[in-house]
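Report on the following structure.
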Amino acid sequence: MGAVARKQLPLRPAGPDTTAALLDWYDSERRELPWRSPPGRKADPYRVWLSEIMLQQTTVKAVIPYYREFLRAWPNVRALAAASLDEVLTKWAGLGYYSRARNLHKCAIAIVEEHGGRFPRSEAALRKLPGIGPYTAAAIAAIAFNEEATPVDGNIERVIARLFALRLPLPAAKSEIKRLASTLVPSDRPGDFAQAMMDLGATVCTPKRPSCLMCPIQPDCHGYAKGMAESLPLKLAKPDRPSRFGYAFLALSEDGHILLRRRQEAGLLGGMMEVPSTEWRDDWLSVEDAMRSAPFKTDWWPVTGTVTHTFTHFRLQLNVYRAIVPADATLTFWSEPNRCRWVNRRDLHNEALPSLMRKVIAHALPQ
DNA sequence: AAGACGTGGTT
DNA sequence: TAACCAAGTCT
């Protein structure tokens, strides 16, 4: 081995060249997405906003059909503002994180009533609107208005953590990541830069088995150079999920209607419809105690098996009881009759039923 | 500031 | 299977 031994090329810090390489890649690999306008064409802030809200913690694949349906039903922010919350929740059903739908509706109304039906252009003004946090405000400012903003989502966190070989774990590293990302934003194409970073994170710089050999900024990547790209970003361990248990009561009338109940507006599945059920506790209620929470007194029969559902922060097991009642039965409701409504089995698709409740219904009424 | 807040797909 | 993940926000 001579004195001129194979020495690693000194790695230049990420900078303007990194940005240029990324944008070249973006221009050639451009991904078509329903909410993305063709190159050079101005983006519609409404569509950018709608897509960004739907994409929060949600995969592109899951979002696409919902995005299309929302756009068909409500092509602009005034139309959405004129809809009822229930209509919005119904179309959102199955997408999860229902506060997004509530805030989407609230935000549409705020845009119409406080901003003359036009989205504000600045990050700061966007940030004040319901459902728009630091990421979404920056994303809309950059993508819809080409403002020099720096959105930082999970993709960009990962790309930056790897590019700069950051060893500080998330979420503590967030502010440093934002600062580093902002140094790379080109003043002429902030929107394209943001989308390029996200595309890179989604398709190349993936959480597991990143395709470093195909990466346009691999020559600048300190994580790659140190052989630690895949292990970044470091994250603090998450607390494990507790279990909760409850009973659901599926009442079916002889003429084919199911009893549903509206959940309270705030909290888990807020504002959505449900199959009436007991509280969800950290242990099983006795059947006798559970029966006190049935919507009315009748012969409830246990349905074999258990419905299980996993939320972000707990697992749920529901035992289901079923009853068939005459269509003209006089029922004495035990609780909140005004929140209850009989719905034709055939019309359930027009209800704001979260996935969990669709599972419960399918479990109790097979076919 | 840490936990609440959905769902479906991968590994 | 369990763990982890996906274009975060709100309180």
Side-chain angles (χ1 to χ4, degrees), chain A residues 31 33-36 47-67 89 92-104 106-107 126-144 149-159 170-172 174-175 177-178 181 191 193-203 205-210 230 233-244 263-272 274 280 308-316 352-359:
Chain A
R31 278 210 297 171
L33 294 171
W35 42 86
R36 205 167 262 184
R47 300 184 184 207
V48 174
W49 164 69
L50 179 60
S51 66
E52 289 299 344
I53 300 297
M54 287 186 165
L55 286 163
Q56 290 167 7
Q57 299 290 286
T58 310
T59 57
V60 166
K61 185 186 172 196
V63 163
I64 286 177
Y66 285 85
Y67 174 81
L89 288 175
W92 195 278
L95 199 54
Y97 284 143
Y98 298 98
S99 68
R100 291 184 296 171
R102 287 177 259 135
N103 284 329
L104 186 84
K106 252 191 228 167
C107 183
L126 288 162
R127 182 66 184 80
K128 296 192 198 313
L129 292 162
I132 299 185
Y135 162 76
T136 306
I140 296 173
I143 297 170
T150 312
V152 178
D153 72 333
N155 288 307
I156 297 179
E157 278 177 356
R158 185 169 59 255
V159 172
L170 287 168
K174 264 185 188 299
S175 60
I177 287 176
K178 170 127 185 172
F193 175 76
Q195 294 179 88
M197 289 283 278
M198 291 189 274
D199 279 10
L200 188 74
T203 63
C205 193
T206 48
K208 291 168 187 172
R209 301 171 58 95
E230 185 166 5
L234 302 182
K235 291 188 181 181
L236 263 29
K238 286 167 188 167
D240 46 53
R241 270 189 263 265
S243 288
R244 293 189 195 167
R263 292 175 64 85
Q264 62 177 75
E265 180 102 358
L268 187 67
L269 308 178
M272 302 293 285
E274 66 175 355
W280 303 343
T308 63
H309 193 75
T310 303
F311 293 100
T312 307
H313 51 300
F314 66 95
R315 292 177 215 292
L316 177 65
L353 283 168
S355 295
L356 163 63
M357 295 303 162
R358 293 186 187 279
K359 270 193 207 175

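Naming convention: chains lettered A, B, ... in sequence-line order (proteins, then strands); numbering from 1 in each chain.
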Item to complete: Could you walk me through whether A/I132 and A/C107 pass side-chain contact (heavy atoms from CB on, under 4.5 Å), step by step?
Response: CA-CA 9 Å; A/I132 299 185; A/C107 183; 4.2 Å; yes
Fill in: Pair A/L353-A/M272, side-chain contact (heavy atoms from CB on, under 4.5 Å): steps then yes or no
CA-CA 6 Å; A/L353 283 168; A/M272 302 293 285; over 6 Å; no
Worksheet entry | Sidechain N-carboxylate O distance under 4.0 Å for A/R158, A/D153 | no
Practice prompt. May I ask you to say whether A/K174 pairs ionically with A/E157, meaning some side-chain N is under 4.0 Å from a carboxylate O?
Written response: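 A salt bridge links A/K174 with A/E157.
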Using a heavy-atom cut-off of 4.0 Å across all strands, would you classify [X] as base, sugar-phosphate, or nothing?
{"X": "A/R244", "answer": "nothing"}
{"X": "A/W35", "answer": "base"}
{"X": "A/P151", "answer": "nothing"}
{"X": "A/I132", "answer": "sugar-phosphate"}
{"X": "A/L236", "answer": "nothing"}
{"X": "A/P239", "answer": "nothing"}

Worksheet, complete the sentence: Scanning both residues in full, the closest heavy-atom pair of A/P151 with A/A139 reads CB-N, 3.6 Å
Practice prompt. For A/A93 and A/R358, work out which heavy atoms get closest and say how close.
Written response: CB-NH2, 4.4 Å
Any idea which of [options] is nearest the [X] side chain?
{"X": "A/P134", "options": "B/dG6, C/dC4, C/dT9", "answer": "C/dT9"}
{"X": "A/R127", "options": "C/dC10, C/dA6, B/dT7", "answer": "C/dC10"}
{"X": "A/P207", "options": "C/dA6, B/dT11, C/dT9", "answer": "C/dA6"}
{"X": "A/Q56", "options": "B/dT11, C/dG8, B/dC5", "answer": "C/dG8"}
{"X": "A/S355", "options": "C/dA6, B/dT7, B/dG6", "answer": "B/dT7"}
{"X": "A/R100", "options": "C/dG8, B/dT7, B/dG6", "answer": "B/dG6"}
{"X": "A/T312", "options": "C/dC4, B/dC5, C/dG8", "answer": "B/dC5"}

Report the distance from atom [atom1] of [X] to atom [atom2] of [N], rounded to the nearest whole Å.
{"X": "A/R241", "N": "B/dG6", "atom1": "CZ", "atom2": "C1'", "answer": "11 Å"}
{"X": "A/W280", "N": "B/dA4", "atom1": "CH2", "atom2": "P", "answer": "14 Å"}
{"X": "A/L356", "N": "B/dG6", "atom1": "CG", "atom2": "C1'", "answer": "10 Å"}
{"X": "A/I53", "N": "B/dG6", "atom1": "CD1", "atom2": "P", "answer": "15 Å"}
{"X": "A/Y98", "N": "C/dC10", "atom1": "OH", "atom2": "P", "answer": "18 Å"}
{"X": "A/F311", "N": "C/dC4", "atom1": "CZ", "atom2": "C1'", "answer": "19 Å"}

Discussion item. Both atom distances under 3.5 Å, Watson-Crick or G-U wobble: I'd like the secondary structure of DNA chain C as a dot-bracket string, with | for pairs made across strands.
Written reply: .|||||.||||
If you go through the side-chain atoms of [X], does one of them form a donor-acceptor pair with the base of [N] closer than 3.5 Å?
{"X": "A/T58", "N": "B/dG6", "value": "yes"}
{"X": "A/T59", "N": "B/dG8", "value": "no"}
{"X": "A/Y97", "N": "B/dG6", "value": "yes"}

Worksheet entry | Gap in Å between the two P atoms, one belonging to C/dA6 and one to B/dC5, rounded |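 Between the two P atoms, the distance is 22 Å.
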Practice prompt. Using the P atoms only, state how far C/dC4 lies from B/dG3, rounded to an integer number of Å.
Written response: 16 Å
I want to check one thing: is the phosphate of [N], taken as OP1 and OP2, less than 4.0 Å away from some side-chain N or O of [X]?
{"X": "A/H309", "N": "B/dT7", "answer": "yes"}
{"X": "A/Q57", "N": "C/dA6", "answer": "no"}
{"X": "A/R209", "N": "B/dT10", "answer": "no"}
{"X": "A/T136", "N": "C/dT9", "answer": "yes"}
{"X": "A/H313", "N": "B/dA4", "answer": "no"}

Item to complete: Would you please classify the geometry between the A/F311 ring and the A/H309 ring as parallel, tilted or perpendicular, with 30° and 60° separating the classes?
Response: perpendicular
Response to the item:
Rounded to the nearest 0.5 Å, the CD atom of A/Q56 sits from the OH atom of A/Y97 at a distance of 10.5 Å
Worksheet entry | Centroid-centroid under 6.0 Å between A/Y67 and A/W35 rings |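 Yes, the ring centres sit under 6.0 Å apart.
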Practice prompt. Map A/R36 and A/D240 onto DNA chain C by nearest heavy atom, then report which one ends up closer to the 5' terminus.
Written response: A/D240
